[in-house]
Protein chains: 2
Amino acid sequence: MTNRIRIERAILNITQADLAERVQVSRQTINAIEAGKYSPTLALGMKIARVFDKPVDEVFQLEEGD
Amino acid sequence: MTNRIRIERAILNITQADLAERVQVSRQTINAIEAGKYSPTLALGMKIARVFDKPVDEVFQLEEGD
DNA sequence: CTAATTTGTAAAAAATACTTGACATATATT
DNA sequence: AATATATGTCAAGTATTTTTTACAAATTAG
């Protein structure tokens, strides 16, 4: 699973902490997801995409073998 | 979180067990997700949407308060 | 350069997702 | 009606995600 969170955050010019607050999770959770350490729940993925006003599939991409 | 899994399954004419096998989870997991009992991981949500050849946001919808 | 902010990381605990096995109910087939 | 197939559900266990606290490293601002 890859994602464009860092890029979308840069576009909005918001920090990991800002994003975390907007989707109601801890900053560490955003950090881990952004770093691809694990797959968030679908609900969280959708909330993140919503902050960026982009479809989920544009923010997150499955990789081979997933 | 609501979803259109039942409808999409009907279109493809496949059972919960079929879908479970195609996305590599147990039948009970598909049953629970279809019934809205919990939010799957994003990876699983994307795999399910991929089976239906639809964007994630068309198969799953966040509800108020999420 | 120094201070402040942001990001990375770690460990333990809590919460949630998923599995397995089993059985009951419902829907379809013959 | 009887049989088979599909769905609903439950409980106990495993796996994964998320929180909290804390600190180190990197980047930005003054």
Side-chain angles (χ1 to χ4, degrees):
Chain A
M1 178 81 90
T2 64
N3 70 78
R4 296 172 46 86
I5 295 176
R6 184 172 300 258
I7 294 162
E8 298 296 339
R9 269 199 314 107
I11 292 171
L12 291 192
N13 193 34
I14 62 176
T15 68
Q16 291 180 345
D18 291 336
L19 178 56
E21 193 187 4
R22 291 188 66 172
V23 299
Q24 308 263 66
V25 294
S26 71
R27 177 183 70 77
Q28 287 82 342
T29 294
I30 295 298
N31 185 284
I33 292 166
E34 183 169 315
K37 291 192 180 152
Y38 48 71
S39 184
T41 58
L42 178 57
L44 178 52
M46 292 181 79
K47 284 184 211 170
I48 290 171
R50 190 171 56 182
V51 167
F52 299 140
D53 196 29
K54 294 260 164 69
V56 171
D57 304 87
E58 268 183 45
V59 179
F60 299 92
Q61 301 87 30
L62 282 177
E63 307 186 76
E64 309 267 345
D66 283 332
Chain B
M1 176 80 88
T2 65
N3 69 79
R4 296 173 45 84
I5 295 175
R6 184 172 301 259
I7 294 163
E8 299 295 340
R9 267 199 315 108
I11 292 171
L12 290 192
N13 192 33
I14 63 176
T15 69
Q16 291 181 344
D18 291 335
L19 178 56
E21 192 186 4
R22 292 188 64 172
V23 299
Q24 308 262 65
V25 294
S26 70
R27 177 184 70 77
Q28 288 85 338
T29 293
I30 295 298
N31 184 286
I33 291 166
E34 183 168 315
K37 291 191 180 153
Y38 51 70
S39 185
T41 58
L42 179 57
L44 179 52
M46 292 182 78
K47 285 184 212 170
I48 291 171
R50 192 172 53 182
V51 167
F52 299 141
D53 197 28
K54 294 261 164 69
V56 170
D57 304 270
E58 267 182 47
V59 179
F60 299 92
Q61 302 86 31
L62 283 177
E63 307 186 78
E64 309 265 346
D66 284 331

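Chain A is the first sequence line, chain B the second, and so forth, proteins listed ahead of strands; every chain is numbered from 1. It should be emphasised that the depicted structure is a prediction, and the values quoted were computed from it without experimental measurement. Note: hydrogens, waters and symmetry copies are ignored here, and every other heavy atom, side chains too, is used.
Remark: A:Asn31 CG to A:Ile5 CD1 distance equals 10.0 Å, nearest 0.5 Å.
Under the 4.5 Å side-chain contact rule for hydrophobic residues, B:Ile48 and B:Ile11 do not share a cluster.
Listed by first and then second residue, the salt bridge (Lys or Arg N to Asp or Glu O under 4.0 Å) pairs involving residues 14-26 of chain A amount to none (not counting sequence neighbours). Applying the side chain to side chain donor-acceptor pair (under 3.5 Å) test to residues at least two apart or on different chains, the pairs with a partner in residues 44-59 of chain B are B:Glu8-B:Lys54.
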Sort me out a list of protein N/O and nucleotides 28-30 of chain D N/O pairs below 3.5 Å, or just none if empty.
none

Using atom names, set out every protein N or O paired with an N or O of nucleotides 4-8 of chain D below 3.5 Å, distance rounded to 0.1 Å.
residue: D:dT7; atom: OP1; partner: B:Arg9; partner atom: NH1; Å: 2.8
residue: D:dT7; atom: OP1; partner: B:Arg9; partner atom: NH2; Å: 3.3
residue: D:dT7; atom: OP2; partner: B:Gln16; partner atom: N; Å: 2.9
residue: D:dG8; atom: OP1; partner: B:Arg6; partner atom: NH2; Å: 2.9
residue: D:dG8; atom: OP2; partner: B:Gln16; partner atom: NE2; Å: 2.8
residue: D:dG8; atom: OP2; partner: B:Asn31; partner atom: ND2; Å: 2.8
residue: D:dG8; atom: N7; partner: B:Arg27; partner atom: NH1; Å: 3.4
residue: D:dG8; atom: O6; partner: B:Arg27; partner atom: NH2; Å: 2.8

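Direction of the helix axis in the helix from C:dC1-D:dG30 to C:dT30-D:dA1 shifts by 60° between the two five-pair termini, rounded to 10°.
Remark: B:Ala17 pairs with B:Thr15, B:Arg27 by the side-chain contact (heavy atoms from CB on, under 4.5 Å) rule, at least two apart or across chains. Listed by chain and number, the residues in a side-chain contact (heavy atoms from CB on, under 4.5 Å) with A:Thr29 are A:Val25, A:Ser26, A:Ile33, A:Tyr38, A:Leu44 (sequence neighbours excluded). With sequence neighbours left out, the side-chain contact (heavy atoms from CB on, under 4.5 Å) criterion links A:Glu63 to A:Thr2, A:Asp66. Checked against side chain to side chain donor-acceptor pair (under 3.5 Å), A:Arg9 has the following partners two or more places apart in sequence or in another chain: A:Glu34.
The footprint of chain A on DNA chain C, defined by a heavy-atom cutoff below 4.0 Å, extends from C:dT6 to C:dA10.
Within the 4.5 Å cutoff, the side chain of B:Val56 has heavy atoms near those of the A:Leu42 side chain. The side-chain heavy atoms of B:Leu19 and B:Phe52, taken from C-beta on, include a pair separated by under 4.5 Å.
The minimum heavy-atom distance between B:Ser39 and A:Ala43, with the atom names listed, is OG-N, 3.0 Å. Nearest approach of A:Phe60 to A:Pro40, heavy atoms of both residues: CE2-CG, 4.5 Å.
Distances shorter than 4.0 Å separate none of the side-chain N or O atoms of A:Thr29 from OP1 or OP2 on D:dT18.
Residues of residues 38-50 of chain A having a heavy atom closer than 4.0 Å to DNA chain D, listed by number: A:Tyr38, A:Ser39, A:Pro40, A:Thr41, A:Leu44.
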